[in-house]
Colleague: 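This is the structure I have questions about; it appears just below.
Side chains included, hydrogens not; waters and symmetry mates left out as well; all remaining heavy atoms used. A, B, ... follow the sequence lines: proteins, then strands. Residue 1 opens every chain.
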Amino acid sequence: MSFDLELFEQRRQKLQQIEALGHEAYPHRFAYTHTLEQITAAYSEKTAEELTSEKPSVRICGRMQSIRGHGKAGFADLVQGGQRLQIYVRKDALGDNGFALYRLLDLGDLVGAEGYLFRTKTGELSLHATTVSLLAKAMLPLPEKWHGLQDVEARYRQRYLDLIANPEVRRVFAARSRLVRALREALERRGYMEVETPMMQPMAGGATAHPFRTHHNALNLDLYLRIAPELYLKRLVVGGFDRVYEINRNFRNEGISTQHNPEFTMLEFYQAYSDYNDLMEMTEKLLPEVAEATCGTTTLSYGEHTIDLSRFSRFTLREAIREFWPEESSRPTLEDFSDPQRTGAAIEAWNRLQGEHDRLVIPAGTSQGATLAHLFETVCERKLIQPTLIYEFPVEVSPLAKSKKDEPGWVERFELFVAGMEIANAYSELNDPEEQRRRFELQAALKEKGDREAHVMDEDYIRCLSYGMPPTAGEGIGIDRLVMILTGSRSIRDVILFPLLRPESSPAPAAE
RNA sequence: GGGCCGGUAGCUCAGUUGGUUAGAGCAUCUGCCUUUUAAGCAGAGGGUCCCGGGUUCGAGUCCCGGCCGGCUCACCA
């Protein structure tokens, strides 16, 4: 018999002994009077004398995470909702039967206890138990209390153990929840309405990405999991919802990394009668607002950096390339960016400055705009640690954005970078249906040339724009990455409860 | 997909140049202990060294292949 089955068998026998003592193995409910959080809030300030005279009677429950036996007495820690409370049991207080039950409890068991609160000699708030009961048995042993669960794979596959064993993990996901709530509240205050648009779409539009494919049997219809909600949200703006937002999953069939999970959560919001300048201002207000609500501060430490989410700098994409260029003598001029040859010379200069490692190779046939976008990413992205708005993007990489009035090759678009990561992407929405058709046609031509991520022609979306969309600005914010920054997490897997992993070949059987 | 690193008891980890029967702490079991807190004391049990080949008198250790994971590069948000 393997050791874990042996432990399982031991606990099964204890369960039988508990039932033989007349206790239910899996009772249906437990009427607690306080959560441990409420106990902490109400009694943590009380002195030993106050507690002795009050002798507050409470019934509590939680998971037993520590046992310290003392012969005919003992201490145990119950944990519930991230709070811990020590219970003190004595044979003379519990009686023979109750004490026998206590002796049959294991680490990890869910336990209820009734008694009165007091302080021990060492001053710790504790429950002097008069009754202890089993609420559910842990048939498998928990990870070790001191080191917690370290094995990264086990932490992701068995997140429940991670949450039990590692208190900071619980705090990360609590912060994530506060962030999403803060975003909803911030948007509702600004007059936005939350909506839900299709996750299964006949055409995967609104972004450049490989979609997942699926199939609906009854309609015999191939569908894609959405890569973005964008085109549906703008249909709602046409329909007269002037301010809409959606917080939901996007799916992209691409690589997995510390910054990419195949499904990830995006906030997208659209605001009619506004342009990208309005959203830049709003972004600069929104981020400190939600950071404050989530973390109580806008100053966050991330790796070796201290990031201030209340101070933003702004560069145009072209300025940023110049600003972060590593060498004065080869720094390109703004004029160089409108000339493919001179841009090519700048890329050669860049490659000369880098080792083998950071070389930028632009495939033949890449448009001037896409080339500049690549150059920007290579030169600047990882250096944008403090919040930075990069604005004005090439039209070739922005098929849904409205061109600048004076420069049709550039669009009114910005992206927010923090900690070297792209956090947000926003633009003045293109609402001229004829121009939108030309943009889709350009994308179709790219697709012909083998660009698998180019946008597809969406006739229904063009028809929708043809009914008239108000001037509108829209923005998407990557929630997972924002949570990473707010919680100091270095991997996106640490802010997603169940990140995608290859399935285990066969999980070890827990019973039988 | 490429490169680098890792997988040893339920958990956290050692394991030397390839050499006796693979170790420690926690957890488990037995005994003692009625204010401890990483409780303590005495004892015991617990291993598919990720899987499959190979080299060798001998493999946790070396070689080859595979599985899973981490980091990183490429792609992307």
Colleague: Can you check the distance between B:rG7 and B:rG45, where both ends of the measurement are the C1' atom (answer in whole Å)?
Modeller: 26 Å

Colleague: Using purine N1 to pyrimidine N3 plus N6-O4 or O6-N4 for Watson-Crick, or N1-O2 and O6-N3 for G-U wobble, each under 3.5 Å, what pairs with B:rC26?
Modeller: B:rG10

Colleague: Using a 3.5 Å distance criterion without hydrogens, assess whether the side chain of A:T120 forms a donor-acceptor pair with backbone atoms of A:E124.
Modeller: yes

Colleague: Considering only atom C1', compute the distance from B:rG58 to B:rG43 and round it to an integer number of Å.
Modeller: 35 Å

Colleague: Could you tell me whether A:E429 and A:K402 have a side-chain N and a carboxylate O separated by less than 4.0 Å?
Modeller: no

Colleague: Does OP1 or OP2 of B:rC71 have a side-chain N or O of A:S491 closer than 4.0 Å?
Modeller: yes

Colleague: With a 4.0 Å cut-off on heavy atoms, is A:R493 in touch with a base, just the backbone sugar-phosphate, or nothing at all?
Modeller: sugar-phosphate

Colleague: Looking for any heavy atom pair under 4.0 Å, which part of the strands does A:E415 touch: base, sugar-phosphate only, or nothing?
Modeller: nothing

Colleague: Contact class for A:F118 (heavy atom, under 4.0 Å): base, sugar-phosphate, or nothing?
Modeller: base

Colleague: Dump the intermediate steps for ring pair (Phe, Tyr, Trp, His ring centres under 6.0 Å) on A:F417 and A:F312, then the final yes or no.
Modeller: CA-CA 10 Å; A:F417 292 86; A:F312 292 74; over 10 Å; no

Colleague: Listed by chain and number, what are the side-chain contact (heavy atoms from CB on, under 4.5 Å) partners of A:F498, not counting sequence neighbours?
Modeller: A:R159

Colleague: Would you call A:E50 and A:K55 a salt bridge, taking side-chain N to carboxylate O under 4.0 Å as the test?
Modeller: no

Colleague: For B:rG46, which nucleotide is its Watson-Crick or G-U wobble mate, given both distances must be under 3.5 Å?
Modeller: none

Colleague: Between A:H34, A:Q83, A:E45, A:R84, which is the residue that forms a side-chain hydrogen bond (donor to acceptor under 3.5 Å, both in side chains) with A:T40?
Modeller: A:Q83

Colleague: Would you call A:E284-A:R314 a salt bridge at under 4.0 Å N-O?
Modeller: yes

Colleague: Assign A:N261 to base, sugar-phosphate, or nothing according to its heavy-atom contacts below 4.0 angstrom with the strands shown.
Modeller: base

Colleague: Could you give me the CA-CA distance, side-chain angles and deciding distance for A:Y88 and A:F75, then say whether ring pair (Phe, Tyr, Trp, His ring centres under 6.0 Å) is met?
Modeller: CA-CA 5 Å; A:Y88 176 51; A:F75 292 90; 4.7 Å; yes

Colleague: Please enumerate all protein N or O atoms sitting under 3.5 Å from an N or O of nucleotides 4-7 of chain B, with distances to 0.1 Å.
Modeller:
none

Colleague: For A:L149, report the nucleic acid contact type (base, sugar-phosphate, nothing); a contact means any heavy atom under 4.0 Å.
Modeller: sugar-phosphate

Colleague: Nearest whole Å is fine: how far is B:rA74 P from A:Q259 CD?
Modeller: 11 Å

Colleague: Please enumerate all residues that pass side-chain contact (heavy atoms from CB on, under 4.5 Å) together with A:L500, with sequence neighbours excluded.
Modeller: A:I256, A:N261, A:P262

Colleague: Just to be sure I understand the rule, does A:G148 reach a base, reach only the sugar-phosphate, or reach nothing, if contact means heavy atoms closer than 4.0 Å?
Modeller: sugar-phosphate

Colleague: What does B:rG1 pair with, Watson-Crick or G-U, if both distances are under 3.5 Å?
Modeller: B:rC73

Colleague: Atom CZ of A:F75 and atom C1' of B:rA38: how far apart are they, to the nearest Å?
Modeller: 16 Å

Colleague: With both distances under 3.5 angstrom, what nucleotide forms a Watson-Crick or G-U wobble pair with B:rG60?
Modeller: none

Colleague: Quickly work out the A:L500 CG to B:rC68 P distance and round it to whole Å.
Modeller: 12 Å

Colleague: Scan every strand shown for a Watson-Crick or G-U wobble partner of B:rC41, both distances under 3.5 Å, and answer none if you come up empty.
Modeller: B:rG31

Colleague: Enumerate the residues from residues 132-139 of chain A whose closest heavy atom to RNA chain B is under 4.0 Å, giving them by residue number; use none for an empty result.
Modeller: none

Colleague: What does A:R157 touch in the nucleic acid at a heavy-atom separation under 4.0 angstrom: a base, only the sugar-phosphate, or nothing?
Modeller: sugar-phosphate

Colleague: Is the shortest distance from a Lys or Arg side-chain nitrogen in A:R155 or A:D494 to a carboxylate oxygen in the other one below 4.0 Å?
Modeller: yes

Colleague: What string of B, S and - do you get for nucleotides 23-29 of chain B, 5' to 3', when a contact is any protein heavy atom under 4.0 Å?
Modeller: --BBBSS

Colleague: Can you tell whether the side chains of A:R413 and A:E392 come within less than 4.0 Å, N to carboxylate O?
Modeller: no

Colleague: Can you measure A:Q150 atom CD to B:rG69 atom C1' for me and round it to whole angstrom units?
Modeller: 15 Å

Colleague: Which is true for A:D480 with a 4.0 Å heavy-atom rule: it touches a base, it touches only sugar-phosphate, or it touches nothing?
Modeller: nothing

Colleague: Kindly say if A:S66 contacts the phosphate of B:rA38, meaning a side-chain N or O under 4.0 Å from OP1 or OP2.
Modeller: no

Colleague: Between A:R68 and B:rA39, does any side-chain N or O lie under 4.0 Å from OP1 or OP2?
Modeller: yes

Colleague: Answer yes or no for this row: A:F264 ring on B:rA77 base, centroids under 5.5 Å, planes under 30°.
Modeller: yes

Colleague: Check whether any side-chain N or O of A:R502 sits under 4.0 Å from OP1 or OP2 of B:rC67, and answer yes or no.
Modeller: no

Colleague: Does any part of the side chain of A:I496, heavy atoms only, come nearer than 4.5 Å to the side chain of A:R176, both counted from C-beta?
Modeller: yes

Colleague: Would you please name every residue forming a side-chain contact (heavy atoms from CB on, under 4.5 Å) with A:L267, sequence neighbours left out?
Modeller: A:L183, A:L187, A:Y245, A:I247, A:F269, A:I477, A:I479

Colleague: Looking only at atom P, what distance separates B:rG2 and B:rU56, rounded to whole Å?
Modeller: 31 Å

